[in-house]
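Structure first, then comments.
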2 protein chains.
Amino acid sequence: MDQVEIFKALSNKSRLEILNWLKNPELHFSAEHQNCAGVCVGSIQEKSGLTQSTISEYLTILKRAGLIEATRTGQWTYYKRNEEAFAALSKLIGSEI
Amino acid sequence: MDQVEIFKALSNKSRLEILNWLKNPELHFSAEHQNCAGVCVGSIQEKSGLTQSTISEYLTILKRAGLIEATRTGQWTYYKRNEEAFAALSKLIGSEI
DNA sequence: TTGGGATATCGGGATTTTCCGATATAACTT
DNA sequence: AAGTTATATCGGAAAATCCCGATATCCCAA
C-alpha cells in the first residue's frame, strides 16, 4: 500500500468524480452499461467528457493505487471500487498518518 | 475543505514524513525546540535534510490544506497538526468519497 | 479472415510540482 | 542603528502530471 501513490491518484478532480460515480453506479449509469463487475470504460468516458485515452489512463492510475478493480469480459473491461481499500485508507488517516 | 488540495498536500513523501513527526513531537524533537504550539521550522528543516526554503514552502502547503496550524512567537513559527482535519478526512474517505 | 468496436498504449505540448539558491522580511540583541 | 537569527518569498531548472490525438491490441461477428 503505497501511500504517496494513493494520494496522487486522489489528487485530481476528474478521478475523484469517477470514484464518486462508481460509488453508486445504478444512480449514474444506465443498467445495460454495468453489471456486478462494475461499469465499462466507454460509459465512464462518455459521462466524463474527457477522451477515451485519458479515461483509460486514469482508470489505470486508480487501479495501480488499489482503489478500483478491473474485470475483462470479452471486449469490455468493467471497473468497480475496491471498498476495502477505502476502509483501510480511512483507518490509516484516522490513526497512522 | 478542498479535497484535491488536501490530497495534493499528502502526495509527497517528505510532507507525509513531517506530518508523522508532528504526530509525536516529543519522540522526534528535543524539548527545547517545541512547545504547546508545536515545533519550529528550523527543527523540522534540520531533521528533514531538505533546505530551509523547501521546508517553509512545504509547511505552507500543509497549512493551506488545513492539515497543520501555525503560531508565530517572536522570530519563531511553531507548527502543529490540526487533528480535527485528519478526523474529518478519515470520515470523508470512509463515507463520502 | 476481415472488419468493426472496446480498450490500452504511445508520443507530446502545456502546465504543475519538486527542490534549490538567493534574497527579503521580521524580530531580537547589543 | 547595526548585526544576527528565524522564517518567508522569489526565480528557476528538472521532473512529473494533465490531457490530447494517433496508433496498437484484443475480441467478436459476419
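Small disclaimer: the values here were computed from a predicted structure and weren't measured.
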### Task
Starting at the 5' end of nucleotides 25-30 of chain D, put B wherever the base has a protein heavy atom under 4.0 Å, S where only the sugar-phosphate does, and a dash everywhere else.
--BS--

### Task
Describe, in one word, how the ring planes of B/Phe7 and A/Phe7 are oriented to each other, choosing from parallel (under 30°), tilted (30 to 60°) and perpendicular (over 60°).
parallel

### Message
Mind checking if A/Tyr78 touches a base, just sugar-phosphate, or nothing, with heavy atoms under 4.0 Å?
### Response
nothing

### Query
Mind checking whether A/Leu19 and A/Phe86 have side chains closer than 4.5 Å, heavy atoms only?
yes

### Separation of C/dT7 P from A/Lys63 NZ (nearest whole Å)
14 Å

### Atom pair distance, as rounded to whole Å: CZ in A/Arg64 and C1' in C/dA8
12 Å

### Message
Distance check, rounded to the nearest 0.5 Å: A/Ile18 atom CD1 versus A/Leu50 atom CG?
### Response
7.5 Å

### Message
If I take atom CG from residue B/Asn35 and atom OH from residue B/Tyr78, how far apart are they, to the nearest 0.5 angstrom?
### Response
5.0 Å

### Task
Please work out if B/Ser56 contacts a base, only the sugar-phosphate, or nothing of the nucleic acid, heavy-atom cut-off 4.0 Å.
base

### Query
So do B/Ile61 and B/Asn12 actually touch side chain to side chain, heavy atoms under 4.5 Å?
no

#### Entry: Within 6.0 Å of NZ in B/Lys23, more than 12 heavy atoms from elsewhere
yes

### Task
May I ask you to test the A/Leu59-A/Ile55 pair for a side-chain heavy-atom distance under 4.5 Å?
yes

### Task
Quickly work out the A/Glu17 CD to D/dC19 C1' distance and round it to whole Å.
15 Å

#### Entry: Side-chain donor/acceptor contact of A/Gln52 with base of C/dA6 under 3.5 Å
no

### Task
Would you tell me if any nitrogen or oxygen in the side chain of A/Thr77 comes within less than 4.0 Å of OP1 or OP2 on C/dA8?
yes

### Task
Among the candidates D/dC10, C/dC10, C/dT7, find the nucleotide nearest to the side-chain atoms of A/Ser53.
C/dC10

### Query
Around atom NZ of A/Lys47, are there more than 12 heavy atoms of other residues, nucleotides or ligands at under 6.0 Å?
yes

#### Entry: Residue-level proximity of residues 32-48 of chain A to DNA chain C when a heavy atom falls under 4.0 Å
A/Cys40, A/Val41, A/Gly42

### Task
Please tell me if the side chains of B/Leu10 and B/Leu67 come closer than 4.5 Å, counting only heavy atoms from C-beta onward.
yes

### Task
Hey, can you tell me if B/Trp21 and B/His28 have their rings parallel, tilted or perpendicular (30° and 60° cut-offs)?
tilted

### Below 4.0 Å: OP1/OP2 of D/dA6 and any side-chain N or O of B/Tyr79
no

### Task
Could you check how far CG of A/Leu16 sits from P of D/dC18, rounded to whole Å?
11 Å

### Task
First locate atom SG of B/Cys40, then atom CD of B/Glu32, and finally report the distance between them rounded to the nearest 0.5 Å.
10.0 Å

### Task
Report, as a single string ordered 5' to 3', how protein heavy atoms within less than 4.0 Å touch nucleotides 13-19 of chain C: B base, S sugar-phosphate only, - not at all.
----SSB

